[in-house]
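Here is the structure we will look at, set down as C-alpha cells.
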Amino acid sequence: MTPDGDNVLAAFAGISSDYDAVETGPDLAEISEAEVVGTIRSVSEGRVAAVVGTDDVLSHSIVVEIAPDQVFSGSEVQTLDSVYVELNNPGDRNASEYADALPLGAQVMAYIEPAWDGSAQTGVDQELQNPDAGRPTGEPLYVLTSPQGFAIVASSGDVVWPLLGATLEGDLKDFSPDGSALLAQR
C-alpha cells in the first residue's frame with residue numbers, strides 16, 4: 001500500500017532538526033552504519049525519554065519495523081529479518097494514528113545507525129523510561145543518521161521525506177547509496 005504524500009507530511013508536521021545536510025545518497029551512506037530499502041511491516045509505540053530522576057517527559061518515539069528488501073551495507077543489519085527504526089513522534093500520538101502516513105506494505109528507505117541503549121552517560125541529562133519498547137526483546141534498534149535518511153514512496157509515485165517536509169520526483173533507487181539524485185534538504 002502506498003500513502004498519500006500529504007498524509008505523510010501532515011503526520012510529521014512540526015518536526016525541526018539541526019543537521020549537516022549532504023548532497024546525495026552516497027554522501028549519506030558514508031556517515032551511516034547501514035542503508036535499508038524495504039517495506040513497512042509494523043508501526044509501534046516507541047521509547048519515552050525523560051529528565052533523569054523525574055517523570056518530566058522530553059520526547060516520545062514510534063518504531064517502524066522494516067522488512068528489508070535490500071541492505072547496502074552493515075554486516076549485522078544484512079542478517080536481520082526485520083530492522084527496527086525509531087522515529088520522533090511529534091505530538092505524542094498513538095502509533096495507530098500513523099496508519100495513513102506509514103501504512104503496512106509501503107516502500108521506505110532508511111539510512112541508519114545504532115540507537116542509544118539508554119545506559120547512563122556523563123553529561124546526558126535524560127534517561128529512557130522503557131528502553132526495550134517497540135521491538136521484541138533482544139532485537140537491535142536503530143535511529144536515522146540524519147533527517148535526510150528516511151523516505152517513503154507516495155501514491156503519486158513521488159518520494160517523500162517526512163522529517164524534512166519535502167517531496168521529490170524520482171524512485172527510491174535514485175536516492176539510494178547507488179543513486180546520484182540530490183537528496184531533499186531543508
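Numbers for residues simply follow the sequence, beginning at 1. In this text the structure is predicted, and so the values were computed from the model without any measurement.
Residue Val108 is grouped with residue Val71 when hydrophobic side chains (ILVMFWY) are merged at heavy-atom distances under 4.5 angstrom, including chains of intermediate members. Note on Phe72 and Val143: separate hydrophobic clusters, where clusters join Ile, Leu, Val, Met, Phe, Trp and Tyr whose side-chain heavy atoms are under 4.5 Å apart, directly or indirectly. Taking hydrophobic clusters as Ile, Leu, Val, Met, Phe, Trp and Tyr residues chained together by side-chain heavy-atom distances below 4.5 Å, Val85 does not share a cluster with Val48. Hydrophobic clustering keeps Tyr84 apart from Met109 (ILVMFWY residues linked when any side-chain heavy atoms are closer than 4.5 Å, directly or through intermediates). Cluster annotation: Phe150 is not connected to Met1 through the hydrophobic network of ILVMFWY side chains, with a link wherever side-chain heavy atoms come within less than 4.5 Å.
Looking only at distances, a side-chain donor or acceptor of Glu97 sits under 3.5 Å from a matching main-chain atom of Asn94. Side-chain N or O atoms of Asn130 include one that pairs as donor or acceptor with a backbone N or O of Gly46 at under 3.5 Å. The backbone N or O of Asp56 sits less than 3.5 Å from a side-chain atom of Thr54, completing a donor-acceptor pair. Side chain of Trp161 to backbone of Ala151: no donor-acceptor contact under 3.5 angstrom is found. Looking only at distances, a side-chain donor or acceptor of Glu45 sits under 3.5 Å from a matching main-chain atom of Ala95. Without hydrogens or angle criteria, Asp4 side chain to Asp6 main chain gives a donor-acceptor distance under 3.5 Å.
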* Hey, mind stepping through Gln70 and Val36 against side chain to side chain contact (heavy atoms under 4.5 Å, CB included) and telling me if it holds? -> CA-CA 6 Å; Gln70 185 172 13; Val36 178; over 6 Å; no

- Candidate pair Leu164 and Tyr19, rule side chain to side chain contact (heavy atoms under 4.5 Å, CB included), full reasoning: CA-CA 11 Å; Leu164 296 175; Tyr19 70 101; 3.3 Å; yes

Pair Val159-Leu172, side chain to side chain contact (heavy atoms under 4.5 Å, CB included): steps then yes or no:
CA-CA 7 Å; Val159 180; Leu172 277 184; 3.8 Å; yes

inquiry  = Please evaluate residues Glu35 and Ile112 with respect to the criterion side chain to side chain contact (heavy atoms under 4.5 Å, CB included), reporting the C-alpha separation (whole Å), side-chain torsions for both, the decisive distance (0.1 Å), and the verdict.
reply    = CA-CA 6 Å; Glu35 306 81 37; Ile112 57 176; over 6 Å; no

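Side chains of Pro114 and Glu33 form a contact here, defined as non-hydrogen atoms less than 4.5 Å apart. A heavy-atom distance below 4.5 Å is not found between the side chains of Leu168 and Asp174. Between Gln129 and Asp55, some side-chain heavy-atom pair lies under the 4.5 Å cut-off. Contact check for Ile62 versus Glu86: no side-chain heavy atoms found under the 4.5 Å cut-off.
Contact between Gln126 and Leu58 at its shortest, heavy atoms only, is CB-CD1, 3.5 Å. Closest approach of Pro68 and Val83 over heavy atoms only: CG-CG2, 4.2 Å. When all heavy atoms of Pro3 and Asp100 are compared, the pair lying nearest together is CB-O, 3.3 Å. Shown here for Val63 and Ala133, the closest heavy-atom pair between the two residues is CG2-O, 4.1 Å. Closest of all the heavy-atom pairs between Gly38 and Asp69 is CA-OD2, 3.5 Å. Across all non-hydrogen atoms, the minimal contact from Tyr111 to Ala29 is CE2-N, 3.7 Å.
Taking CG of Leu87 as the reference point, atom CD1 of Ile15 lies at 8.0 Å (rounded to 0.5 Å). The OG atom of Ser61 sits 7.5 Å away from the CG atom of Asn88 when rounded to the nearest 0.5 Å. For the atom pair Ser42 OG and Ile66 CD1, the distance stands at 10.0 Å (nearest 0.5 Å). Taking CZ from Arg41 and CG from Asp81, the interatomic distance works out to 7.0 Å, rounded to the nearest 0.5 Å. Taken to the nearest 0.5 Å, the CZ atom of Arg47 stands 13.0 Å off from the NE2 atom of His60. The CG atom of Leu102 sits 10.5 Å away from the CG atom of Asn7 when rounded to the nearest 0.5 Å.
Taking the ring centroids of Tyr98 and Phe12, they lie under the 6.0 Å cut-off.
A donor-acceptor pair shorter than 3.5 Å can be found between the side chains of Ser156 and Asp158. Defined by atom type and a distance below 3.5 Å, a donor-acceptor pair is missing between the side-chain atoms of Thr2 and Gln107.
With sequence neighbours left out, Glu76 forms a side-chain hydrogen bond (donor to acceptor under 3.5 Å, both in side chains) with Tyr142.
Salt-bridge annotation for Arg135 and Glu65: absent, with no side-chain N of the basic residue lying under 4.0 Å from a carboxylate O of the acidic one.
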